[in-house]
Amino acid sequence: MRLAEIAGNAHAIERSPQTVGSAPKDSVFATLLFKGEVVFLHENGCLAAASGELFLDDTRRPYLFGFSSSMRQILADVPRDLFALACAGGGLPRPMLFGRGTVKEGALVAALSSLLGRLAEVRGGPDDPADAEGVVLDLLGQLAEERIGGRTGSGAYRSQLIVAEDYIDRHLHDPGLGAAQVAGVMGISVRHLGRTFESTGRSPARYVMERRLVRAHEELTGPRARETRITDVAYRWGFSSQVHFARLFRSRFGPTPSDARAEATK
């Protein structure tokens with residue numbers, strides 16, 4: 001599998017029937033749009049997408065991408081045999097657009113977006129490139145399974161963990177965030193979610209608490225710490241009680257929230 005980051009102004013990309021015949025390519029393209037809007041014309045119709053959505057299409061078919069404004073996308077070029085093996089045994093029957101079909105689909109696309117973004121910026125996904133490829137393929141497989149079924153690969157805990165962590169990190173402000181909510185979005189049981197987190201040595205609830213405390217600590221010790229009210233920070237990161245927040249903060253970091261902020265603003 002190969003990745004390409006593409007950015008530009010308004011333009012069109014056409015793979016005509018003549019090009020398909022003269023320059024054959026046997027791949028499935030997974031195109032994640034990070035900026036802009038696009039219209040995708042194919043032999044059976046038209047799809048339109050905005051930032052945050054994902055296209056899957058087979059390069060053996062002609063198509064035209066039309067961008068109406070400046071754009072940025074990341075494209076995963078997956079050999080068709082690999083896609084059939086790891087994602088969908090029957091291949092890709094038609095071009096598909098993902099992102100807003102269901103809550104679970106949105107969570108999968110968001111996790112894939114976060115992972116591809118980190119890989120493109122060389123900030124790292126999984127340390128091993130083969131591991132990164134496996135996670136990307138499994139996320140694509142879960143999306144294909146949602147839409148067309150017939151997936152041959154088995155769900156990997158690693159990719160499910162990435163989806164769960166990504167969803168949690170984007171919803172830390174929600175006081176009701178918990179294992180039941182995360183599992184429901186992912187379409188798995190709370191028990192299965194717990195098994196997904198076993199490799200981290202933490203429960204889902206512990207991960208939520210840890211991430212909230214870390215984000216609160218970043219605010220209270222950051223460049224704008226002097227202007228930051230502890231009460232606002234506590235509520236912003238999902239703590240309903242300032243006293244409870246202060247106790248957990250001190251247990252995790254040593255100083256109280258007030259002391260941490262004072263130290264950072266000296």
For Ser70 and Gly8, indicate whether the former's side chain and the latter's backbone hold a donor-acceptor pair under 3.5 Å. no
Using every non-hydrogen atom in the two residues, find where Phe239 and Leu248 come nearest and quote the distance to one decimal. CE2-CD1, 3.9 Å
Show your working on side-chain contact (heavy atoms from CB on, under 4.5 Å) between Leu54 and Leu140 and close with a plain yes or no. CA-CA 10 Å; Leu54 170 77; Leu140 291 175; 4.1 Å; yes
In Å and rounded to the nearest 0.5 Å, what is the CG to CZ distance from Leu161 to Arg195? 14.0 Å
About how many Å separate CG of Leu172 and CZ of Arg236, when rounded to the nearest 0.5 Å? 12.5 Å
From Gln242 CD over to Asp232 CG, what is the distance, rounded to the nearest 0.5 angstrom? 9.5 Å
Decide if atom CZ of Arg170 counts as having more than 12 heavy atoms of other residues, nucleotides or ligands within a radius under 6.0 Å. yes
So Glu133 and Leu82, do their side chains get closer than 4.5 Å, heavy atoms only? yes
One should read off an interatomic distance between Leu139 CG and Gln160 CD, to the nearest 0.5 angstrom, of 9.5 Å
Correct closest heavy-atom pair for Ala234 and Phe245 would be CB-CD2, 3.6 Å
Does one hydrophobic cluster hold both Val190 and Tyr207, with members joined at side-chain heavy-atom distances below 4.5 Å? no
side-chain contact (heavy atoms from CB on, under 4.5 Å) evaluation trace for Glu53 with Val109: CA-CA 7 Å; Glu53 295 186 301; Val109 172; 6.0 Å; no
Could you walk me through whether Asp26 and Arg60 satisfy the side-chain contact (heavy atoms from CB on, under 4.5 Å) test, starting with their C-alpha distance in whole Å, then the side-chain angles of each, then the deciding distance to 0.1 Å, before giving a yes or no? CA-CA 6 Å; Asp26 207 12; Arg60 296 175 304 167; 3.2 Å; yes
Is there a side-chain contact between Pro255 and Glu263 in this structure, where contact means two heavy atoms from C-beta onward sitting under 4.5 Å apart? no
Under the criterion side chain to side chain contact (heavy atoms under 4.5 Å, CB included), which of Thr19, Asp58, Asp77 is the partner of Lys25? Asp77
Does Asp259 have any side-chain hydrogen bond (donor to acceptor under 3.5 Å, both in side chains) partners at least two apart in sequence or in another chain, and if so, which? Thr256
Which heavy atom in Ser114 sits nearest to a heavy atom in Asp166, and how many Å separate them? OG-OD1, 2.6 Å
Which heavy atom of Ser69 sits nearest to which heavy atom of Gly36, and what is that distance? OG-CA, 4.2 Å
Can you list the other members of the hydrophobic cluster that holds Leu33, where links are side-chain heavy atoms under 4.5 angstrom apart? Ile6, Ile13, Phe29, Val38, Phe40, Leu47, Phe55, Tyr63, Phe65, Phe67, Met71, Leu75, Leu97
Only one of Arg252, Arg215, Arg202 passes side-chain hydrogen bond (donor to acceptor under 3.5 Å, both in side chains) with Glu210, and that residue is Arg252
Just how far is it from atom CG of Leu143 to atom CE of Met96, taken to the nearest 0.5 Å? 10.5 Å
Tell me, with the steps shown, if Leu177 and Arg212 meet side-chain contact (heavy atoms from CB on, under 4.5 Å). CA-CA 11 Å; Leu177 179 66; Arg212 283 176 166 162; 3.6 Å; yes
Heavy-atom donor-acceptor pair, Thr59 side chain to Ser27 backbone, under 3.5 Å: yes
For Ser113 and Phe34, which heavy atoms make the closest approach, and how far apart are they? OG-CE2, 3.3 Å
Ala164 versus Leu193, closest heavy-atom pair with distance: CB-CD1, 4.0 Å
Sidechain-backbone polar pair: Gln73 side chain, Leu32 backbone, donor-acceptor under 3.5 Å: no
Student check: side-chain heavy atoms of Asp174 and Gln181 closer than 4.5 Å: yes
Student check: side-chain heavy atoms of Leu220 and Phe249 closer than 4.5 Å: yes
Cluster check Ile168, Val103: I/L/V/M/F/W/Y, side chain < 4.5 angstrom: yes
Is any side-chain heavy atom of Val233 less than 4.5 Å from a side-chain heavy atom of Pro257? no
Looking at side-chain heavy atoms only, is the closest gap between Phe197 and Glu165 below 4.5 Å? yes
Would you tell me whether Gln18 and Ser16 have side-chain atoms, one donor and one acceptor, within less than 3.5 Å of each other? yes
Using a 4.5 Å cut-off on heavy atoms from C-beta on, say whether the side chain of Leu85 contacts that of Leu137. no
Let me check something: do Phe98 and Leu3 share a hydrophobic cluster, defined by ILVMFWY side-chain heavy atoms less than 4.5 Å apart, either directly or through other members? yes
I'd like to check Ile230 versus Arg261 (side-chain heavy atoms, cut-off strictly below 4.5 Å). Are they in contact? yes
From Leu64 atom CG to Arg15 atom CZ, the distance as rounded to the nearest 0.5 Å: 13.0 Å
